[in-house]
Protein chains: 2
Amino acid sequence: MTPVVFSVASCLSFPANRYGVFMTHNASILVVEDDPALSRLICYNLEKQGYDVRLAGDGHTALDQISRRIPDLVLLDWMLPSISGLEVCRQLREQPKTKSIPIIMLSARGQETDSVRGLEIGADDYLIKPFGMETLFARVKAMLRRLPPSGNVLKFDALVLDRVAHKVERNGRLLPLGPTEYRLLEFLMTHPGQVFSREELLEQAWERSSCVELRTVDVHIRRLRQTLNAGEEKDLIRTVRARGYALDMPQD
Amino acid sequence: MTPVVFSVASCLSFPANRYGVFMTHNASILVVEDDPALSRLICYNLEKQGYDVRLAGDGHTALDQISRRIPDLVLLDWMLPSISGLEVCRQLREQPKTKSIPIIMLSARGQETDSVRGLEIGADDYLIKPFGMETLFARVKAMLRRLPPSGNVLKFDALVLDRVAHKVERNGRLLPLGPTEYRLLEFLMTHPGQVFSREELLEQAWERSSCVELRTVDVHIRRLRQTLNAGEEKDLIRTVRARGYALDMPQD
DNA sequence: CAACCGGTGTCATAAAAGTTACACACTTTA
DNA sequence: TAAAGTGTGTAACTTTTATGACACCGGTTG
């Protein structure tokens with residue numbers, strides 16, 4: 001299991017763990033589209049561009065996913081089962097947490113009044129189907145370019161650590177961490193999948209000179225786990241007997 | 001120092017953009033278009049919408065005008081005498097002062113590769129001629145909505161700070177702030193959500209040369225809180241243990 | 001000119017938050 | 001099953017932050 005080095009334009013190199021989960025700072029895009037053929041085409045191509053792509057097949061699912069984890073950009077089809085794209089857009093613009101998510105609407109409705117309506121209701125761009133993938137990429141890139149300087153953000157699975165805001169979230173849930181737990185997690189997130197001995201963790205997450213018991217690491221790992229997994233979620237910290245700990249995807 | 005007292009009533013009629021910053025003036029738009037018929041049509045209609053519209057008939061003039069006064073938005077025709085719109089766009093994106101001006105390209109070139117090229121080079125949107133005025137308005141509005149905070153009035157939640165009047169209010173309640181508290185709040189409001197250490201806050205809200213105890217920041221934060229939250233309102237200042245403070249929405 | 005007054009910085013102390021050590025239970029390994 | 005390695009709860013302890021009191025300073029007022 002050698003670390004795979006994966007490089008994306010304008011991004012640093014990011015190691016992938018053995019489960020193929022890329023730890024990138026790549027923009028996350030939620031594609032909301034009910035036509036499987038089109039959604040597959042879009043997702044496939046966007047993923048090939050290095051984006052972290054999620055898919056929602058209808059309005060409800062979309063709102064649900066967004067409430068759990070806020071994407072950097074939403075591609076939103078107009079015609080959708082359950083809740084229409086227009087309505088999804090309206091609802092997103094209402095809530096403070098979601099109102100500034102960039103939205104590109106996709107629609108077969110090419111009438112001028114349609115695009116105007118979409119933009120009026122809060123969409124940032126409006127693409128008329130059928131559109132070429134190149135056009136989509138260009139629009140997506142142009143939109144992401146204008147994103148407010150995305151603070152130093154580390155991501156691992158649904159774990160997001162924002163170094164500027166000094167906040168950690170898992171699935172949108174804010175995690176109350178103490179300074180040491182924060183440093184510990186920050187270190188682990190910058191080296192995902194790697195196992196560290198207690199000595200190494202003390203070296204990295206504690207003061208250089210501090211002479212602390214090795215066992216202390218256990219306690220902090222435990223507390224980190226407790227906070228991290230509050231909510232019956234899977235344990236992201238792997239214990240390696242006689243070696244140490246690692247931030248890692250659960251086996252099963 | 002007189003207590004800061006004022007009313008924002010006069011500002012409230014201005015539209016707020018997505019950053020919560022009120023536009024205290026009408027957005028200025030530079031139209032770069034050599035076809036007199038079209039440019040007149042566009043200018044006339046935009047002015048009727050209340051925008052502060054300027055016109056440039058060719059690339060040189062456009063760059064010249066922009067260097068003299070930076071507009072909020074540029075409508076840029078592709079085909080232009082002297083310097084092409086594409087080149088103007090490229091040059092604008094090169095200089096720090098102009099690189100973040102929103103640009104909507106206008107062009108009769110409807111090929112996919114053209115729009116892609118325009119967007120790649122730095123345009124934020126690309127409209128294919130002929131387009132309806134309604135579409136143009138919608139695109140312009142959508143673009144201006146996303147302008148970063150630059151106004152003289154900062155807003156965060158129900159907190160409003162007017163830099164010109166040098167006054168602050170929350171929920172319509174006037175806040176009597178001292179000079180230091182005002183500077184502190186002003187700085188925090190221009191960087192919402194970000195955590196700053198006491199050193200950074202001293203650097204930003206105090207005189208360069210002043211050598212003041214770090215703990216002094218605590219006291220001023222406390223005074224700021226006291227004034228800000230007089231009225232059983234939620235605390236907008238987040239304490240980050242061992243790091244500093246941030247202006248932030250209460251999470252829970 | 002002297003008293004007053006709001007704005008500041010500093011200190012001492014209280015309160016809160018986070019860290020460490022330790023005892024012991026539990027689990028895995030040989 | 002013994003030995004080694006881990007997990008957990010607790011209590012003492014340390015660090016950091018909140019707060020109230022007070023002295024100083026410059027400007028204004030009577």
Side-chain angles (χ1 to χ4, degrees), chain A residues 166-168 174-187 195-230 235-246 248 251, chain B residues 1-5 166-168 174-186 195-230 234-246 248 251-252:
Chain A
H166 211 275
K167 280 181 180 175
V168 183
L174 186 69
L175 308 181
L177 295 175
T180 306
E181 283 147 47
Y182 180 90
R183 287 195 305 273
L184 191 54
L185 180 61
E186 183 184 22
F187 174 69
V195 179
F196 296 97
S197 68
R198 289 171 179 73
E199 284 89 345
E200 288 171 306
L201 291 174
L202 275 182
E203 183 77 14
Q204 296 292 337
W206 273 257
E207 291 294 316
R208 292 267 151 192
S209 52
S210 72
C211 41
V212 181
E213 285 287 315
L214 281 185
R215 291 276 138 218
T216 302
V217 176
D218 295 36
V219 179
H220 282 273
I221 285 283
R222 177 222 162 190
R223 296 225 283 239
L224 189 52
R225 274 188 169 132
Q226 211 166 288
T227 313
L228 232 55
N229 308 333
D235 188 8
L236 295 178
I237 297 177
R238 180 164 55 104
T239 300
V240 181
R241 208 183 159 78
R243 288 271 152 39
Y245 301 94
D248 213 343
Q251 299 271 352
Chain B
M1 178 62 209
T2 52
V4 175
V5 171
H166 209 271
K167 295 164 180 174
V168 184
L174 319 171
L175 304 183
L177 293 175
T180 306
E181 283 124 68
Y182 178 89
R183 287 194 304 274
L184 192 53
L185 180 61
E186 181 185 22
V195 176
F196 295 97
S197 67
R198 290 172 177 73
E199 283 90 343
E200 289 171 307
L201 292 174
L202 276 181
E203 183 78 13
Q204 297 292 337
W206 272 258
E207 291 296 315
R208 292 267 152 193
S209 51
S210 71
C211 42
V212 181
E213 286 288 315
L214 283 184
R215 289 281 137 212
T216 301
V217 177
D218 295 36
V219 180
H220 281 272
I221 285 284
R222 175 211 159 201
R223 288 171 181 160
L224 189 53
R225 275 191 171 130
Q226 217 165 293
T227 313
L228 232 55
N229 309 333
K234 284 184 178 172
D235 189 8
L236 295 179
I237 297 177
R238 177 164 58 105
T239 300
V240 180
R241 190 167 238 265
R243 285 283 158 18
Y245 301 94
D248 210 347
Q251 288 298 324
D252 36 286

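Being a predicted model, the structure only gives us computed values, none of them experimental. Order of the sequence lines fixes the chain letters, A, B, ..., with proteins taken first and strands second; residue numbering starts at 1 for each chain. Just so it is clear, the values below take in all heavy atoms, side chains as well, and ignore hydrogens, waters and symmetry mates.
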Side-chain N,O (W206(A)) to OP1/OP2 (dT20(C)) below 4.0 Å: yes
Partner of Y245(A) by side chain to side chain donor-acceptor pair (under 3.5 Å), out of H220(A), E200(A), R198(A): R198(A)
Touch class at under 4.0 angstrom, heavy-atom based, for H220(B) against every strand present: sugar-phosphate
Approximate separation, where rounding is to 0.5 Å, of L175(A) CG and Y182(A) OH: 11.5 Å
5'-most by nearest nucleotide on DNA chain C - R241(A) or V219(B): V219(B)
Options dT19(D), dT10(C), dT19(C), nucleotide nearest the side-chain atoms of E181(A): dT19(C)
Phosphate contact (dT10(C) OP1 or OP2) by T216(B) side-chain N/O below 4.0 Å: yes
Heavy-atom side-chain proximity of V168(A) to L174(A) below 4.5 angstrom: no
Polar pair under 3.5 Å, donor/acceptor by atom type, side chain R198(A), base dG5(D): no
Interatomic distance where CD belongs to E207(B) and P belongs to dG7(C) [whole Å]: 18 Å
Residue mapping more 5' on DNA chain D - nearest nucleotide basis, A242(B) or R225(A): R225(A)
Comparing G244(A) and Q226(A) on DNA chain D - which has the more 5′ nearest nucleotide: G244(A)
Heavy-atom donor-acceptor pair, R223(A) side-chain to dG9(D) base, under 3.5 Å: no
Y245(A) side chain near dG5(D) phosphate (N/O to OP1/OP2, under 4.0 Å): no
N or O in side chain of T239(B) less than 4.0 angstrom from dT16(D) OP1/OP2: no
For the student: nearest non-hydrogen atoms of T216(A) and W206(A), plus distance: CG2-CZ2, 4.3 Å
Residue P179(A), side-chain heavy atoms: nucleotide from dG18(C), dG7(D), dT19(D) that is nearest: dG18(C)
Distance test, side-chain N/O of T180(A) to OP1/OP2 of dG18(C), below 4.0 Å: no
Pairwise 5' ranking along DNA chain C for R215(A) and E213(B), keeping only the more 5' one: E213(B)
Sugar-phosphate only, base, or nothing, as touched by Y182(A) at under 4.0 Å among non-hydrogen atoms: nothing
Sugar-phosphate only, base, or nothing, as touched by V240(B) at under 4.0 Å among non-hydrogen atoms: sugar-phosphate
Rounded distance (Å) that lies between atom P of dG7(C) and atom CG of L175(B): 13 Å
Atom-pair distance (CZ on R183(A); C1' on dA17(C)), nearest Å: 14 Å
Interatomic distance, I221(B) CD1 vs dG7(C) C1' [rounded to whole Å]: 17 Å
Residue pair Q204(B) / E199(B), side-chain heavy-atom distance below 4.5 Å: no
Interatomic distance where CZ belongs to R243(B) and P belongs to dG18(C) [whole Å]: 12 Å
Interatomic distance, D218(B) CG vs dG9(C) P [rounded to whole Å]: 13 Å
Atom-pair distance (CG on L224(B); P on dG9(C)), nearest Å: 14 Å
R225(A) side chain to D235(A) backbone, donor-acceptor under 3.5 Å: no
Distance, rounded to the nearest Å, where H166(A) contributes NE2 and dG18(C) contributes C1': 14 Å
